Amino acid sequence: MNQTPQSTAPMAGQLPHVLSADNVTKKFDTAEGPLVAVDNISFDVRPGEFLSVIGPSGCGKSTLFNIIGGLTPDHDGTITVDGEVVRGPHPSIGMVFQEESTFPWRTVIDNVCFPLEIANVPKAERLDKARHFINLVGLSGFENRHPSELSGGMRQRVAIARTLVSQPKILLMDEPFAALDEQTRLLLGDKVLQIQQELKQTTLLITHNITEAVQLSDRILVMTYRPGKLKRIVDIDLPRPRTSDVVSSPAFGAYVAKIWGDLREEASRGMAESERAR
Amino acid sequence: MRAMAASSARFLPAAFGLFCLLCGVAIVEGMLRAGLLNRFIVPLPTEVIDSFGRLFGDEQLLARFLTTVQETFYAMAILAVIGIPVGTLLYQVPVLRKATETWISALASAPIVLMYPLFLVIFGRSPATIIVMGVIAGLPPLILKTIEGLSGTRQSLINVGRSFRLTRVQMLTKIMLPAALPTIFVGLRLALIFALINIVGVEFLINFGGLGQLINDLAERYDMPGMYATIVFVILVSVLFFFVTERLERWLRRMS
């Protein structure tokens with residue numbers, strides 16, 4: 001059911017890794033001295049795998065997201081994509097952000113066309129591709145709406161389509177559904193599962209939501225509270241293709257309980273520290 | 001029924017404002033007729049209203065208005081061409097911004113109209129002097145609002161641009177300037193108001209051009225009703241400009 005962090009090295013016969021994090025450490029200088037946000041984290045992502053990183057608030061998940069995405073180049077250790085060291089935003093990594101990130105002045109289709117426009121893809125081709133991905137995220141019929149006319153969940157789907165249209169090898173998402181209610185989150189989880197199964201998309205999800213992580217993932221990396229270290233890797237052995245119905249299965253409950261068991265101690269420590277700081 | 005209530009709620013403030021204005025006018029009329037105010041200084045409001053017909057006929061008020069609008073339009077075009085790029089440059093070069101921002105803010109509140117003799121010497125008694133004065137008056141708010149708009153671009157949008165490996169120019173043209181557009185438009189609106197005030201003021205001071213010159217002419221002829229009517233007309237023009245630009249700004253805000 002689970003592995004220790006040391007057991008992540010590829011075994012003979014396994015698929016090669018599409019992304020590897022090797023001894024990644026990030027320190028911030030603060031008024032109270034250096035703060036280690038991410039401490040010596042190593043893991044690999046296999047092609048087509050859905051991997052989630054879960055941890056309590058303040059454990060350095062978003063820092064790790066920025067490091068993998070190449071937005072925080074000043075760190076120790078290396079991130080490699082197909083053996084190539086990531087030194088900045090990498091063409092093989094497509095990012096979806098936690099915060100609202102659709103362009104409000106562009107319609108849905110123009111938002112989704114954005115990366116293709118930057119890549120100088122001919123207009124007819126980019127419109128075709130954009131329509132395909134808009135359809136994939138279930139937003140057909142909304143092509144000419146502006147983000148202000150859509151719900152939060154729909155806007156996040158636009159952001160996902162915009163990232164997918166550039167056909168990245170790895171889809172990297174930072175709590176994309178954090179601002180949504182639980183039911184919308186479950187339904188969007190279904191949509192993400194459907195997309196991932198259809199595209200065989202390698203996906204790395206940063207989240208603090210246990211049910212979301214178990215619903216979607218093949219493996220879950222559990223992080224400790226500050227400094228953010230890798231505590232455990234949990235293999236999720238639930239059948240695929242999956243839907244949100246999986247949440248009612250006993251196995252799902254067992255995984256949730258197991259991960260919560262790991263996280264409770266960390267979350268309590270985080271809460272106690274933040275209360276002490278007040 | 002509900003639609004009627006909504007409609008009355010929408011128009012009630014405007015109707016009340018108009019009612020207050022009419023009451024004010026009626027009070028002034030009454031005070032003048034009762035001899036409480038000097039009619040040599042303040043004409044009767046009814047005389048002011050009556051004089052509009054002759055202003056449009058004899059004094060070519062519409063042509064004067066169009067002259068002022070034309071000068072304002074040229075000033076705004078020059079302002080947009082200079083102000084937005086200068087604001088962008090100052091945003092991009094922090095040292096330059098820190099060195100000049102305080103001066104620009106000070107200039108925004110300075111009585112720039114007093115500089116008119118300088119430009120009168122340079123450009124003579126011509127539309128160029130008026131337009132340049134309008135441009136100088138409108139520049140500070142436009143530059144400051146451009147900087148504010150660019151600085152206020154949401155980090156998540158910038159991160160999207162970074163994740164797609166945009167060049168610096170692409171980041172500016174595809175993300176930052178569109179995101180800053182509503183704030184830049186506020187700057188354009190302020191610039192328009194500042195420019196219009198200065199354009200009419202300089203027209204008055206150098207007795208040349210559109211509405212400002214007409215006010216000067218009428219004052220020199222001691223045509224008090226005509227002068228007040230022209231001032232009311234200038235105020236109405238400002239209100240119209242304000243109304244149109246406010247609507248445009250609301251539309252832009254809705255888009256963002």
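Letters A, B, ... mirror the listed sequences (proteins, then strands); counts begin at 1. Both backbone and side-chain heavy atoms feed into the values below; hydrogens, waters and symmetry mates do not. Note that the structure is a prediction, hence the values are computed from the model and not measured.
- Residues of residues 151-169 of chain A lying within less than 4.5 angstrom of chain B, judged on heavy atoms, are A:Arg162, A:Thr163, A:Ser166 in numerical order.
- Per-residue heavy-atom pair counts under 4.5 Å with chain B were compared for A:Ile118, A:Leu172, A:Asn66, and the maximum is reached by A:Ile118.
- Both the backbone and the side chain of A:Glu100 come within less than 4.5 Å of a heavy atom of chain B.
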| task | List the steps, then state whether side-chain contact (heavy atoms from CB on, under 4.5 Å) holds for B:Ile130 with B:Phe123. | result | CA-CA 9 Å; B:Ile130 298 166; B:Phe123 298 108; over 6 Å; no
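- Comparing B:Gln155, B:Lys174, B:Gln170 by how many heavy-atom pairs each has under 4.5 Å with chain A, the most go to B:Lys174.
- In terms of non-hydrogen atom pairs under 4.5 Å with chain B, the most contact-rich of A:Gly94, A:Gly69, A:Ser101 is A:Ser101.
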Salt bridge (Lys or Arg N to Asp or Glu O under 4.0 Å) between A:Glu117 and A:Arg106: does it pass, once the steps are laid out? CA-CA 13 Å; A:Glu117 202 179 298; A:Arg106 285 174 172 254; 2.9 Å; yes
Note to self: Is there a side-chain contact (heavy atoms from CB on, under 4.5 Å) between B:Gln213 and B:Phe204? Walk through the geometry before answering.
What the structure shows: CA-CA 5 Å; B:Gln213 188 195 20; B:Phe204 179 88; over 6 Å; no
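- With hydrogens and angles left out, the side-chain atoms of A:Thr107 and A:Asn144 include no donor and acceptor closer than 3.5 Å.
- Of the atoms belonging to B:Ile175, heavy atoms from both backbone and side chain fall under 4.5 Å from chain A.
- Judged by distance alone, the side chains of B:Thr183 and B:Glu148 never bring a donor and an acceptor atom under 3.5 Å apart.
- Taking the side-chain hydrogen bond (donor to acceptor under 3.5 Å, both in side chains) definition, one finds that B:Thr67 meets it with nothing, sequence neighbours left out.
- At a cut-off of 3.5 Å, with distance as the only test, a side-chain donor of B:Gln92 or B:Arg168 sits close to an acceptor on the other residue.
- Using a 4.5 Å cut-off on side-chain heavy atoms (C-beta onward), A:Ile220 and A:Ser217 make contact.
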